[in-house]
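To keep things clear, I will list the structure first and then write my remarks on it.
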Number of protein chains: 2
Amino acid sequence: MESKLQQNKKIEMFYQRSKEHGMKITPQRTAIYEELLKAKDHPTADDIYKRIVKKIPNISFDTVNRTLLTFSKIGITNVVEGYGQAKRYDPDMDIHHHFRCIHCGSIIDFHSSEFDNITVPDEISKQFTVISKKVVLEGLCSKCRKG
Amino acid sequence: MESKLQQNKKIEMFYQRSKEHGMKITPQRTAIYEELLKAKDHPTADDIYKRIVKKIPNISFDTVNRTLLTFSKIGITNVVEGYGQAKRYDPDMDIHHHFRCIHCGSIIDFHSSEFDNITVPDEISKQFTVISKKVVLEGLCSKCRKG
DNA sequence: AACTATATAGTAATTATTCTTAATTGTCAA
DNA sequence: TTGACAATTAAGAATAATTACTATATAGTT
Ligand SMILES: [Mn+2]
Ligand SMILES: [Mn+2]
Ligand SMILES: [Zn+2]
Ligand SMILES: [Zn+2]
């Protein structure tokens with residue numbers, strides 16, 4: 001459970017980041033941010049839209065979608081696995097790991113026996129059936145960190 | 001570089017899996033599989049389609065797309081992070097990890113100091129700027145493993 | 001209160017995926 | 001080797017997801 005204090009701290013952070021990036025604080029943005037903070041289910045833009053339209057009936061989906069993208073861009077929220085682009089296939093079925101460039105989207109294989117051998121926490125293996133485990137690193141590839 | 005021997009072994013595996021699942025070996029499927037094996041770039045269905053249409057000019061995108069989905073389903077290939085569904089947002093910016101159910105798509109948070117402290121291989125940190133690192137476990141959630 | 005850059009709603013366009021249908025083809029048993 | 005037949009295909013239509021456009025409205029400043 002999250003305390004009211006921590007919640008307020010996050011709202012503060014949201015105001016701060018917005019100012020830093022010259023973004024205006026609008027009722028829509030505030031509502032979207034608050035709705036997002038409440039979510040524990042890694043919602044889609046459409047999920048957030050459906051929740052928020054009950055309070056702000058004439059808000060547009062585009063505003064929600066654009067705002068969430070903006071939040072991700074300025075580091076207020078993250079996009080989790082599931083990036084909303086086309087599916088990408090990997091013919092290499094051997095255990096390996098990925099580095100993903102957040103700028104150009106390229107996915108680069110690498111191998112690491114340390115990563116291969118991580119042990120799944122009991123908390124997870126008791127509740128769920130784990131079929132695969134992998135480490136995903138994200139950042140900028142060599143090409144993109146120049147630009 | 002991959003040896004011709006390993007390549008053939010994979011083709012054998014492909015025939016085997018296809019038979020096991022009562023799937024017919026068609027020229028289209030074989031071509032798609034061979035094209036996929038060549039790819040080192042985690043291609044999209046459209047990428048594969050564009051490469052293959054040069055050899056089989058009247059193949060349809062749907063066949064390529066459907067075939068790749070089938071391959072994933074029977075464990076001939078994998079879909080990598082970025083599953084081609086809607087983007088999903090995560091307001092929790094603290095370091096944590098995810099379990100993702102391959103059946104219902106739910107993403108469940110978990111914490112692990114072991115996972116937080118994995119060290120990025122030099123090979124990667126020298127070439128790239130790593131911004132985030134996380135472990136992604138996949139499998140069946142408690143609800144889905146019943147069904 | 002007026003100004004102005006940014007944001008918004010509403011809509012259109014684009015991209016990605018899946019479905020429908022009729023024709024074709026791979027597999028297997030005779 | 002030859003049908004029978006179920007699986008697969010191409011083509012186009014439909015749906016889902018995302019992004020773009022534009023005229024109007026507003027937050028933040030002066
Ligand atoms: Mn890979
Ligand atoms: Mn999370
Ligand atoms: Zn890059
Ligand atoms: Zn599930």
Side-chain angles (χ1 to χ4, degrees), chain A residues 11 14-36 42-74 76-77 79-89 105, chain B residues 11 14-33 35 42-74 76-77 79-89 105:
Chain A
I11 305 269
F14 162 62
Y15 286 143
Q16 165 117 33
R17 285 281 166 85
S18 300
K19 277 191 182 171
E20 279 170 22
H21 289 82
M23 287 168 52
K24 292 176 179 173
I25 312 287
T26 67
Q28 290 91 338
R29 278 201 180 137
T30 307
I32 291 165
Y33 185 67
E34 286 174 349
E35 197 61 56
L36 183 63
H42 308 87
T44 64
D46 193 58
D47 291 333
I48 294 287
Y49 172 71
K50 280 178 183 141
R51 291 168 202 177
I52 219 160
V53 78
K54 293 173 188 167
K55 295 173 198 165
I56 309 181
N58 74 326
I59 199 169
S60 71
F61 171 76
D62 182 55
T63 296
V64 175
N65 191 50
R66 189 171 19 77
T67 299
L68 289 170
L69 289 172
T70 306
F71 286 176
S72 309
K73 214 172 292 171
I74 67 173
I76 277 179
T77 187
V79 179
V80 297
E81 47 282 359
Y83 302 105
Q85 305 299 119
K87 284 187 187 66
R88 294 177 65 172
Y89 296 91
Chain B
I11 306 268
F14 162 63
Y15 287 143
Q16 165 116 33
R17 285 283 166 85
S18 298
K19 277 191 183 172
E20 279 170 21
H21 288 83
M23 287 169 51
K24 294 176 176 172
I25 313 286
T26 66
Q28 290 90 338
R29 278 202 180 134
T30 307
I32 290 164
Y33 185 66
E35 196 63 53
H42 308 88
T44 64
D46 193 57
D47 292 333
I48 295 286
Y49 171 72
K50 280 179 183 140
R51 290 168 203 176
I52 219 160
V53 78
K54 292 173 189 167
K55 295 174 198 164
I56 308 180
N58 75 325
I59 199 170
S60 71
F61 171 76
D62 182 55
T63 294
V64 176
N65 192 51
R66 187 171 19 77
T67 299
L68 290 169
L69 288 172
T70 305
F71 286 176
S72 309
K73 216 172 289 171
I74 67 173
I76 277 179
T77 186
V79 179
V80 298
E81 50 281 2
Y83 303 101
Q85 305 300 117
K87 283 187 187 68
R88 294 177 64 170
Y89 296 91

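Letters A, B, ... are given to chains in the order of the sequence lines, protein chains preceding strands, and every chain is numbered from 1.
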Between [atom2] of [N] and [atom1] of [X], the distance in whole Å:
X: A:N65; N: C:dA7; atom1: CG; atom2: P; value: 15 Å
X: A:Y83; N: D:dT19; atom1: OH; atom2: P; value: 15 Å
X: A:N58; N: C:dT11; atom1: CG; atom2: C1'; value: 15 Å
X: A:D62; N: D:dC21; atom1: CG; atom2: C1'; value: 9 Å
X: B:F14; N: C:dG26; atom1: CZ; atom2: P; value: 13 Å
X: A:Y49; N: D:dT19; atom1: OH; atom2: P; value: 17 Å
X: B:I59; N: D:dT9; atom1: CD1; atom2: P; value: 8 Å

Selected nucleotide, minimal atom distance to B:P27 side chain, candidates C:dT18, C:dT8, C:dG26: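 The nucleotide sitting nearest to the side chain is C:dG26.
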Pairs touching residues 56-71 of chain A that satisfy salt bridge (Lys or Arg N to Asp or Glu O under 4.0 Å), sequence neighbours left out: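 Non-adjacent pairs meeting salt bridge (Lys or Arg N to Asp or Glu O under 4.0 Å): A:D62-A:R66.
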Ignoring backbone atoms, test whether [X] places a side-chain nitrogen or oxygen under 4.0 Å from the OP1 or OP2 oxygen of [N].
X: A:T26; N: C:dT8; result: yes
X: A:R66; N: D:dT19; result: no
X: A:Q28; N: C:dA9; result: yes

Contacts of type side chain to side chain contact (heavy atoms under 4.5 Å, CB included), residue A:I25, not counting sequence neighbours: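 Checked A:I25 against side chain to side chain contact (heavy atoms under 4.5 Å, CB included); matches are A:Y15, A:S18, A:T30.
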Any residue meeting side-chain hydrogen bond (donor to acceptor under 3.5 Å, both in side chains) with A:D47, in chain and number order, not counting sequence neighbours: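 If we apply the side-chain hydrogen bond (donor to acceptor under 3.5 Å, both in side chains) test to A:D47, skipping adjacent residues, the hits are A:T44.
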For [X], enumerate each residue passing the salt bridge (Lys or Arg N to Asp or Glu O under 4.0 Å) test, keeping only those at least two apart in sequence or located in another chain.
X: B:K50; value: B:D46
X: A:R29; value: none
X: A:K55; value: A:E35

Restricting to nitrogen or oxygen on both sides, can you table the protein-nucleotides 14-17 of chain D pairs closer than 3.5 Å?
none

Nearest-0.5 Å distance that lies between atom CD1 in B:I52 and atom CD1 in B:I32: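 So the gap between those two atoms works out to 5.0 Å.
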Heavy-atom side-chain proximity of B:H21 to B:K73 below 4.5 angstrom: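 They are not in side-chain contact.
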Sub-4.5 Å side-chain heavy-atom contact between B:I74 and B:E20: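 Side chain of B:I74 against side chain of B:E20, heavy atoms only: no contact under 4.5 Å found.
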Nearest-nucleotide 5' precedence on DNA chain C, B:A45 against B:I25: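 Checking each residue's closest nucleotide, the 5'-ward one belongs to B:A45.
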Quick one: which protein N/O atoms are closer than 3.5 Å to N/O atoms of nucleotides 3-7 of chain D? Pair and distance per line, please.
| residue | atom | partner | partner atom | Å |
| --- | --- | --- | --- | --- |
| D:dA6 | N3 | B:K24 | NZ | 3.0 |
| D:dA7 | O4' | B:K24 | NZ | 3.1 |

Residues which pass ring pair (Phe, Tyr, Trp, His ring centres under 6.0 Å) with B:F14, listed by chain and number, not counting sequence neighbours: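 Here the qualifying residues are B:Y33, B:F71.
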With sequence neighbours excluded, residues passing ring pair (Phe, Tyr, Trp, His ring centres under 6.0 Å) with B:Y89: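 Residues passing ring pair (Phe, Tyr, Trp, His ring centres under 6.0 Å) with B:Y89: none at all.
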Test item: A:R88 side-chain N/O and B:H42 main-chain N/O as donor-acceptor pair under 3.5 Å: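 Judged by distance alone, yes, a pair lies under 3.5 Å.
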Do any N or O atoms of the protein come closer than 3.5 Å to N or O atoms of nucleotides 28-30 of chain C, and which pairs are they?
none

Global bending angle along the helix from C:dA1-D:dT30 to C:dA30-D:dT1, which compares the axes of five pairs at either end, to 10 degrees: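 Taking five pairs per end, the axes differ by 40°.
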Heavy-atom pair with the smallest gap, counting every atom of B:I48 and B:P43: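 It is CD1-CG, 3.6 Å.
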Check: A:T63/A:S60 side-chain N/O donor and acceptor closer than 3.5 Å: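 Result is yes, a qualifying pair exists.
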